[in-house]
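Below, chain A is the first sequence line, B the second, and so on; all start at residue 1.
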Amino acid sequence: MPEMSNNARRLLGLATGVAFGALLRRGGLDDSRTIVGQLEGTDARVAKTMGSAVAVAALGHRWLLSGGQVTTEPKPLNPVAVVGGSLLFGAGMALSGYCPGTAAVAVGSGRREGAWAAAGMLVAAAGFVASYPRLKKALETGGAGKMVLLGGKPPAPLTALNVAVRPGAQRFEAAAAND
Amino acid sequence: MGAFVAFRKGIGVSGAYETGAALAARKMAPDALRVNDFVKARDKAPQLDWEVLLVVGTVLGGLLASRSERAVGGAAAEQSPALRSPLASATGGALLMVGARMADGCTSGHSLSGTAQGAASSWVFTPLMFLAGSLLARAARRLRGGL
């Protein structure tokens, strides 16, 4: 695929954002109660939405990967950073009922809570910018690099689905297995 | 819902907050926030890239969707009363942003795009994040005298 110009990327980013935001709003995720309900176990919408999104994305990514249109870009597995970060993130999500994406949607749909959460995020991001040079080494302690599970192959049910949806995939799976 | 995620290289939201903050800091207080050291450590200058515009688009998407719902008089247009104090919202937001930047990803970068690509780091991040959040949310509910 030819490299896109920066402006084309920006435009595509903007368009993707509009769709992302509108869909999150349709899913009720601009309301802090939706995420808190999921965490309390009284509302399964987040799990359902994310589960289907991941399944479709995994399939689509796999598909595009076989055609060479995309690459796999796993984030590095730095144990200190990923474990520490996920615990802080979960705590913050329970407290605010938002994540960075849903807070942006809530700002758009005019929810004051979301604006407060987004303001907190920006302040913290600035703080992180200021402290990152000193934190960098600690965060990268014991880093295992960019790792993918199962050698980047999707689990069996997904492969079956992939083959069902796109018969040509079988050849690719076979070729990948021979590597 | 997920189809659009599939056709991007993988989207991320929290990085844009960092970029936005770095851009603003460079304009307003480059010395106080040591922006130059940050750029050196990240090995990349902050710029108005597609990820920032993704977040701008997300705000717009929320705006347009809520406007259109109001226009057709949908039930979803009702506004909930504030359930949390501004302090709780802002503190929670700050906490999770630090976590996201530490782990180099948030719900979209790790839990959506990362897990879909089979990234090991994302499969560690996502369950731990939900575990921590669930324990805390349930504890808070008990404290409030709920179930």
If only atom types and distance count, is the side chain of [X] paired as donor or acceptor with the main-chain N or O of [Y] below 3.5 Å?
X       : Y       : answer
E18(B)  : A126(A) : no
R10(A)  : L53(B)  : no
S134(B) : L39(A)  : yes

Against chain A, work out which of [options] has the most heavy-atom pairs shorter than 4.5 Å and name it.
options                          : result
G105(B), G114(B), G57(B)         : G57(B)
D37(B), T126(B), L60(B)          : D37(B)
V35(B), L96(B), L95(B)           : L96(B)
A132(B), P127(B), A120(B)        : A120(B)
L135(B), L131(B), V59(B), L87(B) : V59(B)
A65(B), A21(B), A94(B)           : A94(B)

- Query: Going through the distances and angles, do E69(B) and R26(A) end up as a side-chain contact (heavy atoms from CB on, under 4.5 Å)?
  - Reply: CA-CA 9 Å; E69(B) 282 161 23; R26(A) 294 297 296 166; 3.1 Å; yes
Most contacts with chain B, counted as non-hydrogen pairs under 4.5 angstrom, among [options]:
options                          : value
P100(A), A125(A), P74(A)         : P100(A)
G97(A), A103(A), A94(A)          : A94(A)
A119(A), S96(A), A124(A)         : S96(A)
G114(A), S131(A), G101(A), A8(A) : G101(A)
A118(A), C99(A), A47(A)          : C99(A)
V107(A), L122(A), V123(A)        : L122(A)

- Message: Taking the side chain as everything from C-beta on, heavy atoms only, tell me whether F20(A) gets closer than 4.5 Å to V13(B).
- Response: yes
- Query: Is R84(B) close to Y98(A) at the side-chain level, that is, under 4.5 Å between some pair of heavy atoms?
  - Reply: no
Point-to-point distance, once rounded to the nearest 0.5 Å, from [atom1] of [X] to [atom2] of [Y]:
X       : Y       : atom1 : atom2 : result
Q117(B) : H61(A)  : CD    : NE2   : 4.0 Å
M102(B) : N78(A)  : CE    : CG    : 10.0 Å
K40(B)  : Y132(A) : NZ    : OH    : 14.0 Å
L14(A)  : L54(B)  : CG    : CG    : 8.5 Å
T16(A)  : W50(B)  : OG1   : CH2   : 7.5 Å

- Would you check, one step at a time, whether the test side-chain contact (heavy atoms from CB on, under 4.5 Å) holds for T107(B) with F89(A)? CA-CA 9 Å; T107(B) 332; F89(A) 194 93; 3.4 Å; yes
- Should L95(A) and T91(B) be marked as a side-chain contact (heavy atoms from CB on, under 4.5 Å) after you check the CA-CA gap, both sets of side-chain angles, and the distance that decides it? CA-CA 8 Å; L95(A) 194 58; T91(B) 311; 4.1 Å; yes
Side chain, backbone, both or neither of [X] within contact of chain A (heavy atoms, under 4.5 Å):
X       : value
D49(B)  : backbone
L128(B) : both
A25(B)  : neither

Should [X] and [Y] be counted in the same cluster of Ile, Leu, Val, Met, Phe, Trp and Tyr side chains packed under 4.5 Å apart?
X       : Y       : result
V124(B) : L88(A)  : no
F125(B) : V46(A)  : yes
V98(B)  : V82(A)  : no
M121(A) : V129(A) : no
L23(A)  : V18(A)  : no

- Query: If you measure from the Lys or Arg side-chain nitrogens to the Asp or Glu carboxylate oxygens, is any gap between E40(A) and R141(B) under 4.0 Å?
  - Reply: yes
Heavy-atom closest pair, residues [X] and [Y]:
X       : Y       : value
A103(B) : G85(A)  : CB-CA, 4.2 Å
S66(B)  : G108(A) : OG-O, 4.3 Å
A104(A) : T58(B)  : CB-CG2, 4.0 Å
L112(B) : A53(A)  : CD2-CB, 3.9 Å

- Let me see the working for R101(B) and L135(A) under side-chain contact (heavy atoms from CB on, under 4.5 Å), right down to the final yes or no. CA-CA 11 Å; R101(B) 293 330 301 152; L135(A) 289 176; over 6 Å; no
Side chain, backbone, both or neither: which part of [X] has a heavy atom under 4.5 Å from chain B?
X      : result
P76(A) : both
K75(A) : both
L87(A) : both

- Do the ring centers of F38(B) and F128(A) come within less than 6.0 Å of each other? no
